[in-house]
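The figures that follow rest on heavy atoms only: side chains count, while hydrogens, waters and symmetry mates do not.
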Amino acid sequence: MNIYNFNARKINGEEISFEQYKGKVLLIVNSATGCGFTPQYDDLEKLYKNYKEKGLEILDFPSNQFGAQTPGTDEEVSNFCSLNFGVSYTQFSKTDVNGENAHPLFLFLQKEKGFSGFDKEHKLSPLLEGMLEKSNPNFREVPDIKWNFTKFLIDRNGKVITRFEPTADISKIEEEIKKLI
């Protein structure tokens with residue numbers, strides 16, 4: 001099993017195979033349109049514009065699983081992202097990333113790279129940790145997606161290289177992308 005074994009439905013309804021991404025560096029993200037991390041759409045678009053010619057693809061999976069922060073239809077999500085952030089990378093239909101209805105891609109990603117902690121320097125880390133600890137005191141040991149804007153970096157051979165939590169600084173993500181480009 002590897003990343004190329006998966007299919008997903010783009011935000012426009014088209015079903016695609018990840019085979020088309022062979023040889024590309026991928027950054028897979030679960031996003032939200034009404035979250036404290038939503039401004040990361042800007043950072044992701046800048047990364048995409050800077051590195052798409054060198055083989056970077058950003059695959060965005062909006063999810064409404066964290067605080068119901070992605071309301072609306074796929075079309076509304078797409079319009080919001082393009083109008084407010086100029087998103088031009090590939091977006092997929094709203095997707096469950098955890099639980100019994102989780103997309104198999106995200107189950108695979110979690111199995112490959114579990115949770116390794118929030119960036120201690122980020123101002124929202126204590127808030128996230130406190131919230132997660134209330135619902136599951138052992139949340140640190142569970143590999144599931146903790147919140148919106150968790151990212152997985154995939155190399156040109158389809159191997160999951162690393163996982164970035166939403167609190168990861170974009171410059172650290174860019175450094176890792178540069179190593180693979």
Side-chain angles (χ1 to χ4, degrees), residues 3 6 8-9 11 26-48 58-74 76-85 87 89-154 160-177:
I3 200 80
F6 296 98
R9 194 172 75 246
I11 208 156
L26 305 177
L27 188 65
I28 299 173
V29 57
N30 68 292
S31 65
T33 55
C35 171
F37 294 106
T38 297
Q40 288 187 21
Y41 279 123
D42 268 338
D43 295 330
L44 293 168
E45 183 62 22
K46 286 175 191 164
L47 279 177
Y48 182 62
I58 295 178
L59 309 181
D60 175 19
F61 289 82
S63 181
N64 199 36
Q65 285 193 286
F66 305 99
Q69 294 180 338
T70 309
T73 64
D74 283 348
E76 289 169 332
V77 170
S78 178
N79 288 340
F80 173 86
C81 291
S82 61
L83 291 172
N84 292 293
F85 299 100
V87 167
Y89 47 80
T90 303
Q91 290 189 293
F92 290 84
S93 288
K94 283 175 36 174
T95 303
D96 281 357
V97 297
N98 288 333
E100 74 177 50
N101 295 320
H103 192 288
L105 168 67
F106 281 90
L107 296 176
F108 170 77
L109 293 170
Q110 293 170 40
K111 186 174 139 272
E112 294 295 303
K113 294 291 175 189
F115 180 68
S116 61
F118 295 114
D119 180 347
K120 298 295 180 198
E121 302 299 314
H122 197 283
K123 66 182 179 183
L124 293 178
S125 291
L127 177 70
L128 285 170
E129 287 179 355
M131 183 180 62
L132 291 166
E133 201 157 79
K134 282 182 187 172
S135 61
N136 178 3
N138 298 316
F139 79 91
R140 289 171 187 85
E141 285 79 49
V142 182
D144 65 348
I145 307 295
K146 305 302 180 204
W147 204 253
N148 305 307
F149 289 92
T150 299
K151 300 158 203 76
F152 294 86
L153 185 61
I154 317 299
V160 182
I161 299 301
T162 194
R163 172 177 169 162
F164 301 100
E165 298 307 323
T167 56
D169 188 271
I170 198 71
S171 64
K172 291 179 182 173
I173 298 170
E174 185 173 17
E175 284 174 27
E176 293 303 314
I177 289 171

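Judged purely by atom type and a 3.5 angstrom limit, Glu45 has no side-chain atom pairing as donor or acceptor with the backbone of Phe85. At least one donor-acceptor pair closer than 3.5 Å links the side chain of Glu76 to the backbone N or O of Thr73.
The shortest side-chain heavy-atom distance between Phe164 and Asp119 does not fall under the 4.5 Å cut-off. Looking only at side-chain heavy atoms (C-beta outward), Leu47 and Asp43 stay at 4.5 Å or farther from each other. Using a 4.5 Å heavy-atom threshold, the side chains of Phe108 and Val160 count as touching. With contacts defined as side-chain heavy-atom distances shorter than 4.5 Å, the pair His103/Phe92 does not qualify. Contact check for Leu105 versus Ile3: side-chain heavy atoms found under the 4.5 Å cut-off. Counting heavy atoms from C-beta outward, Ser93 and Val77 have side chains that stay 4.5 Å or more apart. Considering only heavy atoms from C-beta on, Ile58 stays 4.5 Å or farther from Val87 through its side chain.
To the nearest 0.5 Å, the span separating CG on Leu132 from CG on Asn138 amounts to 12.0 Å. Here Asp60 contributes atom CG and Thr95 contributes atom OG1; the two are 9.0 Å apart, rounded to the nearest 0.5 Å. Lys94 contributes atom NZ, which lies 11.0 Å from atom CD of Gln65 (distance to the nearest 0.5 angstrom). Between Ile28 atom CD1 and Lys151 atom NZ the span is 13.0 Å, to the nearest 0.5 Å. To the nearest 0.5 Å, atom CG of residue Asp96 and atom CG of residue Asn101 are 5.5 Å apart. Separating the CG atom in Asn30 from the CZ atom in Phe66 is a distance of 5.5 Å, to the nearest 0.5 Å.
Ring geometry for Phe115 versus Phe139: interplanar angle of 30 to 60°, hence tilted. Ring geometry for Phe152 versus Phe106: interplanar angle over 60°, hence perpendicular rather than tilted (30 to 60°).
With salt bridges taken as basic N to acidic carboxylate O contacts below 4.0 Å, none links Arg163 and Glu112. Contact check on Lys146 versus Glu129 returns no salt bridge, with no Lys/Arg side-chain nitrogen under 4.0 Å from an Asp/Glu carboxylate oxygen.
Nearest heavy-atom pair across Ala102 and Leu107 is CB-CD2, 3.8 Å. Of all heavy-atom pairs spanning Cys81 and Thr33, the tightest one is SG-CG2, 4.3 Å. The nearest pair of heavy atoms linking Phe118 to Ser125 is CB-OG, 3.4 Å. Heavy atoms only, all atoms of each residue included: His122 and Pro126 are closest at O-CD, 3.7 Å. When all heavy atoms of Cys35 and Gln69 are compared, the pair lying nearest together is CB-OE1, 3.1 Å. In terms of heavy atoms, Thr38 sits closest to Ala32 at OG1-O, 2.8 Å.
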Trace of the side-chain contact (heavy atoms from CB on, under 4.5 Å) decision for Leu44 with Leu27: CA-CA 9 Å; Leu44 293 168; Leu27 188 65; 3.8 Å; yes
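Summarising the local packing, CZ of Arg9 is surrounded by 12 or fewer heavy atoms from other residues, nucleotides or ligands at distances under 6.0 Å. The environment of CD in Glu121 is sparse: at most 12 heavy-atom neighbours from other residues, nucleotides or ligands sit within 6.0 Å.
For Phe37 and Phe149, the ring centers sit 6.0 Å or farther from each other.
When only modelled atom types and interatomic distance are considered, Asn98 and Gln110 share a side-chain donor-acceptor pair under 3.5 Å.
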